[in-house]
There are 2 protein chains.
Amino acid sequence: MRSSTARRRATIIDVASAAGVSRQTVSNVLNFPDRVRPRTRDRVLAEVDRLGYRPSTAARGLRNQRAGAVGLELNLPTCGSDIGPLVLGALTVRAPAHDVHLVPFGDAEVFPTVAAYRDMTRRHLVDAFLFADTHSGDPRPDWLLENEIPFAAFGRLYSHPELTCWADVDGHRGLELAVEHLVASGYGTVGYLGWPLHLEDPAVAEDRHRGWVDAATSLGVAGPSGVTDQQLGPAVEAADALLDELGPGDAVACASDLIALAVLYAAARRGLAVGRDLGVVGFDGSLVARRHGLTTVVQPYEDLADHLLRTVHDQLLDGTVPVAGALLDPTLAPSSSTDRESELTSYTPVPAPTRR
Amino acid sequence: MRSSTARRRATIIDVASAAGVSRQTVSNVLNFPDRVRPRTRDRVLAEVDRLGYRPSTAARGLRNQRAGAVGLELNLPTCGSDIGPLVLGALTVRAPAHDVHLVPFGDAEVFPTVAAYRDMTRRHLVDAFLFADTHSGDPRPDWLLENEIPFAAFGRLYSHPELTCWADVDGHRGLELAVEHLVASGYGTVGYLGWPLHLEDPAVAEDRHRGWVDAATSLGVAGPSGVTDQQLGPAVEAADALLDELGPGDAVACASDLIALAVLYAAARRGLAVGRDLGVVGFDGSLVARRHGLTTVVQPYEDLADHLLRTVHDQLLDGTVPVAGALLDPTLAPSSSTDRESELTSYTPVPAPTRR
DNA sequence: CTGAAAGCGCTTACAG
DNA sequence: CTGAAAGCGCTTACAG
């Protein structure tokens with residue numbers, strides 16, 4: 001009997017007849033509980049529970065002309081980045097709370113096109129889209145706007161400064177946290193290693209840089225700064241150059257965990273013990289940071305996921321868009337809380353900061 | 001006019017009347033092209049194209065009692081691993097070729113339960129499931145089997161040795177490739193750093209170890225071996241111990257890219273230049289390897305995705321399961337092909353192998 | 001507060 | 001080879 005139950009899932013009709021009501025009443029219990037007398041409601045709910053009834057996504061989608069799904073573009077930059085999996089994981093975990101499920105999609109191409117968006121839309125597979133790695137000349141916002149399809153972006157929409165349907169981590173606040181932590185830990189001068197402003201994400205580079213400038217200046221610890229791109233080799237060279245200008249007991253706040261890793265390498269090269277001779281804080285809360293026991297500014301992945309999902313949900317509901325793009329607060333994770341103690345101290349080249 | 005077209009998507013009725021046929025004929029053109037006269041078919045197809053018609057996923061799902069979707073569990077091990085994003089990316093890219101879309105799901109918990117599987121199933125959201133990180137005592141295969149729901153696993157199903165619905169990389173072949181490459185590159189003795197057999201994935205550890213044993217023995221280059229878990233700190237210590245037993249011009253084949261990174265660190269610690277004094281090959285083709293310019297055995301992610309998707313598709317179609325679990329062939333990516341030259345040589349502590 | 005009816009967009013036997 | 005009909009499982013006006 002168990003297997004026959006499993007084979008054919010209960011429908012709304014099964015629940016209705018089991019509870020002795022019409023199926024419209026069951027639908028009301030689920031969608032407009034207030035319309036139904038409490039006693040009836042409880043009886044229906046009990047049967048829903050007993051039969052394990054859940055409305056069919058397909059039937060509901062067909063009737064409501066809404067898929068209850070959000071397309072999530074996964075392209076090379078997303079999959080190849082350190083934070084991609086964290087964003088995806090948070091979106092996946094948070095989606096049910098917003099009554100939607102995610103549908104990832106993407107070709108193997110680097111540069112996103114609208115072809116896949118068009119196809120998903122035509123098949124009514126999703127109601128809205130989420131994407132990241134926006135850039136100038138990005139064809140996606142234009143196409144979505146033109147077709148009146150809700151969307152939200154992780155990261156600023158450079159191609160459309162007037163749009164507000166985006167969310168990002170507050171990089172300025174993040175670097176303030178980093179500098180404050182380094183000062184509180186007893187380091188002296190705090191330098192900065194970030195990105196050049198002409199990179200594809202200038203506002204992010206700018207925010208983080210200014211966060212360091214503001215905090216370091218107001219605390220009177222501002223030191224030298226440098227820029228590098230997001231590749232390890234050049235970053236190590238840039239870190240090396242920066243270390244030339246710092247002394248023992250100084251520190252470096254970094255625009256990313258990868259850059260912080262480069263600082264670790266540059267420090268190892270000259271025999272500096274990170275956490276004792278040199279303070280380092282990364283940015284992202286990525287696997288790289290955890291693995292190397294790095295102190296890092298953690299992006300608020302769940303908040304970001306909630307904001308993005310809420311943004312598309314509101315657009316769907318009544319066309320509402322946020323009044324402004326959202327810059328969400330990060331948190332600082334000292335090395336000890338990002339990983340096991342054993343990993344922090346057990347090998348020489350890239351020890352974690354242990355100074356209090 | 002453009003926007004009104006965009007607003008209401010074309011249905012099968014629009015295509016039918018535009019082509020001057022009944023909607024059943026349109027359905028036949030799409031689902032059983034052979035049943036329709038070529039001239040009629042072409043006319044219908046032209047209208048499909050002109051109107052941008054695609055069958056509604058919801059309507060089709062409702063009618064066919066099939067969601068056309070595969071649930072993909074994303075749990076902590078998946079999101080936190082180096083290869084998780086690569087597997088996910090490959091599945092996402094390959095899904096359309098198998099006429100399905102993916103629906104990622106998962107709680108924030110480490111240990112998977114069947115609750116989410118049950119919910120997805122009841123809502124008819126997916127027809128089948130894909131998951132990874134199988135382990136002994138895993139409740140998922142039992143539940144899926146009991147409920148006759150198709151599934152396939154990335155990685156062996158340790159809890160059910162009799163099941164064949166899984167695929168994995170051929171670790172034995174991978175380590176043969178690694179050893180052959182090191183020998184061809186002119187290194188002498190080839191050591192091995194892998195995992196202990198009591199880890200959660202003993203067959204994987206065993207396969208890779210034996211691949212090294214077999215290749216190194218038959219080529220007469222077998223050296224010392226060691227084991228470590230997948231944490232960087234202990235891995236560096238294990239690598240260090242292994243290097244004690246190797247001399248200049250020797251090499252280490254590794255069970256993972258992370259372990260290879262640990263070898264890089266241990267080598268840097270004692271001033272060995274990897275690629276000149278010491279050969280190193282990693283395993284996975286992960287971001288870690290690319291970033292550090294490591295030579296690595298690349299997992300066949302697209303083949304794995306195709307195999308898994310085909311496996312659930314066949315189960316859905318006629319209950320067919322593979323005759324055996326699949327061990328798919330990896331490929332070897334020398335450092336020069338995994339990243340830009342600049343990253344390979346520009347910093348000292350962890351240079352890439354450059355020896356021919 | 002509850003019930004009978006229509007319809008979302010498809011596909012699949014079933015006649016012709 | 002093509003057409004009229006039924007029905008997948010829901011929800012939402014609409015009457016009662």
Side-chain angles (χ1 to χ4, degrees), chain A residues 7-45 47-48 51-69 99 121-127 316-317, chain B residues 7-45 47-48 51-69 99 121-127 316-317:
Chain A
R7 216 72 199 103
R8 205 182 73 75
R9 254 72 76 177
T11 72
I12 195 169
I13 295 197
D14 300 321
V15 177
S17 59
V21 296
S22 75
R23 64 195 215 266
Q24 296 75 355
T25 301
V26 178
S27 182
N28 279 336
V29 168
L30 265 25
N31 297 305
F32 305 94
D34 295 344
R35 289 189 193 165
V36 183
R37 206 187 328 168
R39 293 190 44 168
T40 313
R41 190 168 57 210
D42 291 346
R43 189 151 38 91
V44 170
L45 252 19
E47 289 304 325
V48 165
L51 298 169
Y53 170 71
R54 292 284 179 287
S56 150
T57 307
R60 203 172 230 186
L62 182 57
R63 167 65 230 221
N64 291 347
Q65 297 290 75
R66 175 165 301 186
D99 277 317
T121 302
R122 285 178 175 166
R123 296 165 58 202
H124 296 248
L125 228 184
V126 300
D127 308 310
L316 233 27
L317 209 64
Chain B
R7 215 76 199 100
R8 204 183 72 75
R9 253 74 74 177
T11 72
I12 195 170
I13 296 198
D14 300 322
V15 177
S17 58
V21 296
S22 74
R23 64 195 214 264
Q24 296 74 355
T25 300
V26 177
S27 181
N28 280 336
V29 167
L30 264 27
N31 298 304
F32 305 95
D34 296 345
R35 289 190 193 163
V36 183
R37 205 188 326 166
R39 293 190 45 165
T40 313
R41 189 168 59 210
D42 290 346
R43 190 150 38 94
V44 170
L45 252 18
E47 289 304 324
V48 165
L51 298 169
Y53 170 71
R54 292 285 179 286
S56 149
T57 308
R60 202 174 232 185
L62 181 57
R63 165 67 228 219
N64 290 348
Q65 296 291 76
R66 174 165 300 186
D99 277 317
T121 302
R122 283 179 175 167
R123 297 165 59 203
H124 296 248
L125 228 185
V126 301
D127 309 310
L316 233 27
L317 209 67

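In this text, all values refer to a predicted model and were calculated from it rather than measured experimentally. Throughout, a chain's letter reflects where its sequence line sits, starting with A, and its residues are numbered from 1.
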Separation of C/dG9 atom P from B/Leu62 atom CG, nearest Å, is 12 Å

Comparing B/Gly20 with B/His124, nearest DNA chain D nucleotide closer to 5' gives the residue B/Gly20

Which of C/dC1, D/dT11, C/dG3 is nearest the side chain of A/Ser22? It is C/dG3

Answer whether the closest heavy-atom distance between the side chains of A/Ser27 and A/Ile12 falls below 4.5 Å. yes

A/Ile12 CD1 to D/dG9 P, in whole Å, measures 11 Å

Exactly one of A/Val21, A/Leu45, A/Val29, A/Val26 clears side-chain contact (heavy atoms from CB on, under 4.5 Å) with A/Thr40, and that residue is A/Val21

Checking D/dC8, D/dG3, C/dT11 against the side chain of B/Ser27 (C-beta onward), the nearest is C/dT11

When rounded to whole Å, the CZ to C1' distance for the pair B/Arg123 and D/dG9 reads 15 Å

Side-chain atoms of B/Arg63 come closest, of D/dC1, C/dT11, D/dT11, to C/dT11

In B/Val44, B/Val15, B/Asp14, the residue satisfying side-chain contact (heavy atoms from CB on, under 4.5 Å) with B/Tyr53 is B/Val15

In whole angstroms, the gap separating P of D/dG9 from CG of B/Asn64 amounts to 12 Å

A/Asn28 CG to C/dG3 C1', in whole Å, measures 10 Å

d(B/Asp99 CG, B/Leu316 CG) to nearest 0.5 Å is 11.5 Å

Does B/Gln65 make a side-chain N or O approach to OP1 or OP2 of D/dG9 shorter than 4.0 Å?
yes

Next on the checklist: Under 4.0 Å from OP1 or OP2 of D/dT11: is there any side-chain N or O of A/Asn31 that close?
Outcome noted: yes

Among C/dT2, D/dC10, D/dG3, the one nearest any side-chain atom of A/Arg60 is D/dC10

Of the listed D/dC10, D/dT2, C/dT12, the closest approach to the B/Thr25 side chain comes from D/dT2

Picking from C/dT2, D/dC10, C/dC10, the nucleotide nearest the side-chain atoms of B/Arg23 would be C/dC10

If pairing means Watson-Crick or G-U wobble with both distances under 3.5 Å, then the partner of C/dA13 is none

Re D/dA4: Watson-Crick or G-U wobble partner, both distances kept under 3.5 Å, found to be none

Between CG of B/Leu125 and C1' of D/dG9 the distance, given in whole Å, is 14 Å

DNA chain C nearest-nucleotide lookup for B/Arg35 and B/Ala59: closer to the 5′ end is B/Ala59

Tell me whether A/Arg43 contacts the main-chain N or O of A/Ala19 through its side chain, where contact means a donor paired with an acceptor under 3.5 Å.
yes

